[in-house]
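These notes are about the structure you will find just below.
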Amino acid sequence: MKNCEYQQIDPRALRTSNTRTSTTFKLPKNSQRLRRKWEVFPGKNRFYCDGRIMLARQCGVLPLTIGLIFITTGLFFTFDCPFLVHHLTVFIPVIGGVLFVFVIFTLLQTSFTDPGILPRALPDEAADIERQIDNSGSSTYRPPPRTKEILINDQVVKLKYCFSCKMFRPPRTSHCSLCDNCVERFDHHCPWVGNCVGKRNYRFFYAFIVSLSFLTSFIFGCVITHLTLRSQDENGIIQAIQDSPASVVELVICFFSIWSILGLSGFHTYLVAANLTTNEDIKGSWSSKRGEESGNPYTYNNIFTNCCVVLCGPMPPSLIDRRGFLPPDDAPQTVTSDTELPPFMSKNDANMCTQGTKELLESMAHSTVIQSTCVPGTPKTAPVTQESLLRTVSITVSPPNRPHSTGCSGRQARRPIDVSCSQKGNKRAALHTHKPMLHVPSPPYSHGRSPLTLSDAPDMGFIPLN
Amino acid sequence: MAETHSLQDLRQAAVASKVFVQRDYTSGTICKFQTKFPAELESRIDKQQFEETIQTLNNLYADAEKLGGRSYLEGCLACLTAYTIFLCMETHYEKVLKKIAKYIQEQNEKIYAPLGLLLTDPIERGLRVVEITIFEDRSIGSR
């Protein structure tokens, strides 16, 4: 590959030759549409409405959830409300309506909000971390440990290295294998809402299950009242049921839902009060049964404070910037993380001065290797080497883009792989989702690991898993 | 103007290396960066100046994530409106992020670009690192 030759190049000549070589790889500039970042997002997510709405690829039984809620509430308004308004009060459908609207809003917000996905590390950053790991005393033949211990509030917490995202996971972060993303304050992947539940949408999820418990209890109570009053009027429960068969359907749905939904609400209320996540609770991370003095380092030791912090705390921003624009140079070629290089067009239009600099960085990285005249040691040129070599490698290897849908049309849910119909099922899903470093991402993305080995060997290799 | 002159010089410089300032998790999961001075910057910038920049950034992030009357009010109001208020209103966090972006741009123009350095806003790196790009000294005036 000609790009492996080290040669001294004048930056100005570089820029002119760049535009010539780069046009051979991509379409002429005027016909190239600027792509948004969601189109090359490496995780398993779907995006609608040009990146405004996101969902997990395995959206599970979300259509079923929505369908059940609509059907039950629809039947309630159609068959039970007229009788109850006549016999009791007009507030019954009003309360029902308010609860229904609240449930639907919170459900949609839980499903469509970014749960707190961490963007993957860029090649430079990943290389830097890799260097630090290698330097931390690997004089033995064993591969260097991929965990880091830190102290949080005088408690030892282990940070694990994520092979898919190429970074040390922050505390309370876990990698969801269904969505192939690291999610901050990962709670669980909920098939009922078709999304992970994490830092940014936990409050929506909690509001959803609490309001859904109220709704199902309310409908259940109203249907019982309806059938009771009707059987008193018509001298017989059988007659009442025959007159209003829809009520029986509602009764059955609500009866089975109430157990699981109320149970789930109670469980999550406990988690909120203790400032725990489902993930931590299942793994017993802070349980005192382990024999050590370990308590939850994140709790404020006050139920009220914990509730306020979890539910009413400041809303963190989405870190993945789905609607930002990709730099026009490298959009068509790869899906690796090098497309996340300086997103100068995304956030700050006022940063015009840094834009120009970063544009130059891009063109530099496209070119052949730049050898600096003053040689302050080869390691310093390594990041640039890796970047340019990565581009060459990824151009030859470039995997097919996973199709993402554009526009607002929804897609049919694929058969979910880990769907279960109970709270225990949710726990199983949570267990499944946080199998840590042993999960190997699917081959099209695994070549993204290659930059970390390029500094050692020019051929494509994979980091051996511990 | 002094800053455009130095940034134009940067356009002709090559990237020598990048330094990454990692997060500091000792106080929990709040956004805070380590103030330890990286060795690679020793010849480039004053330690005091660098620490001041990072400390200001940490203070700004702490303000964004501060738990107090205002954030609770925002949270309760949002809950009562079924969180639809997030679609219309800019949250306090987002306002602080804009302040941070302006601060970083200012620091780059006034302090870092003349020294051949460039700070990247941490939000562009998922609030994981503060990335400092070190440029070659060639075309910039002697320092």
Side-chain angles (χ1 to χ4, degrees), chain A residues 11-12 101-102 105-106 109 118-119 121-122 124-125 128-129 150-153 157 159 167 170-172 184-185 203-204 207 297-298 305 308-309 311-317 319-321 342-343 346-348 350-351 353-354 356-357 360-361 364 370 372-374 376 379-384, chain B residues 3-4 7-8 10-20 22-23 25-29 31 40 64-67 71-76 78-79 82-84 86 91-94 97-98 101-102 105 108-109 113 118 120-121 123-129 131 133-139:
Chain A
R12 285 197 207 103
V101 165
F102 203 87
F105 275 4
T106 46
Q109 296 215 306
L118 280 176
L122 300 183
D124 291 333
E125 202 186 319
D128 188 66
I129 295 175
I150 56 169
L151 265 183
I152 297 180
N153 293 333
V157 174
L159 299 186
M167 59 179 181
R172 307 193 102 173
E184 284 192 288
R185 203 183 184 279
R203 65 192 72 193
F204 305 144
Y298 311 107
T305 316
C308 285
V309 167
L311 301 175
C312 302
M315 182 70 176
L319 297 174
I320 54 176
D321 188 31
S346 59
K347 285 202 176 280
N348 215 330
N351 264 333
C353 25
T354 49
T357 320
L360 177 70
L361 292 184
M364 290 294 182
I370 300 159
S372 62
T373 44
C374 46
K380 286 191 179 172
T381 59
V384 182
Chain B
E3 47 262 31
T4 47
L7 283 166
Q8 275 172 7
L10 275 183
R11 284 180 217 279
Q12 299 172 15
V15 179
S17 68
K18 294 188 183 185
V19 180
F20 297 95
Q22 300 286 340
R23 283 271 292 268
Y25 293 116
T26 50
S27 322
T29 50
C31 185
E40 294 93 333
E65 297 184 8
K66 193 172 61 170
L67 303 162
S71 65
Y72 291 152
L73 191 65
E74 209 176 56
C76 287
C79 182
Y83 300 107
T84 49
F86 288 142
T91 63
H92 176 60
Y93 209 120
E94 285 167 353
L97 285 178
K98 287 199 173 148
K102 240 197 316 201
Q105 189 195 346
N108 273 334
E109 281 174 11
L118 187 73
T120 305
D121 195 339
I123 196 74
E124 294 177 14
R125 298 288 178 266
L127 289 182
R128 281 190 313 266
V129 287
E131 185 181 301
T133 316
I134 303 176
F135 289 95
E136 284 299 321
D137 241 341
R138 261 184 298 177
S139 34

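Small disclaimer: the values here were computed from a predicted structure and weren't measured. Protein chains get the first letters and strands the later ones, always in sequence-line order, with residue 1 at the start of each.
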Portion of B:Ala78 that has a non-hydrogen atom of chain A nearer than 4.5 angstrom: neither
CZ/B:Phe86: more than 12 non-hydrogen atoms of other groups inside 6.0 Å: yes
Interchain contact, A:Arg203 with chain B, by part (heavy-atom threshold 4.5 Å): both
Those residues that, when tested against A:Arg172, pass salt bridge (charged side-chain N to carboxylate O under 4.0 Å, His left out) (two or more places apart): A:Glu280
Most contacts with chain A, counted as non-hydrogen pairs under 4.5 angstrom, among B:Tyr25, B:Tyr72, B:Tyr93: B:Tyr25
Heavy-atom pairs under 4.5 Å with chain A, option from B:Val19, B:Val129, B:Leu73 with the top count: B:Val129
Main-chain N/O of B:His92 paired to B:Glu74 side chain as donor or acceptor, under 3.5 Å: yes
Engaged part of A:Leu159 at the chain B interface, taking heavy atoms whose separation is under 4.5 Å: side chain
Within-4.5 Å side-chain heavy-atom neighbours: B:Asp121 and B:Gln105: no
Side chain / backbone / both / neither for B:Leu97 at chain A, heavy atoms under 4.5 Å: side chain
Min side-chain heavy-atom separation A:Pro314-B:Leu67 under 4.5 Å: yes
Among B:Lys18, B:Arg128, B:Gln22, B:Arg125, the one residue meeting side chain to side chain donor-acceptor pair (under 3.5 Å) with A:Glu125: B:Arg128
Contacting moiety of A:Phe204, where chain B heavy atoms sit under 4.5 Å: both
Part of B:Thr91 lying under 4.5 Å from any heavy atom of chain A: side chain
A:Asp124 side chain reached by B:Phe20 side chain, heavy atoms, under 4.5 Å: yes
Contact class of A:Pro170 relative to chain B, heavy atoms under 4.5 angstrom: both
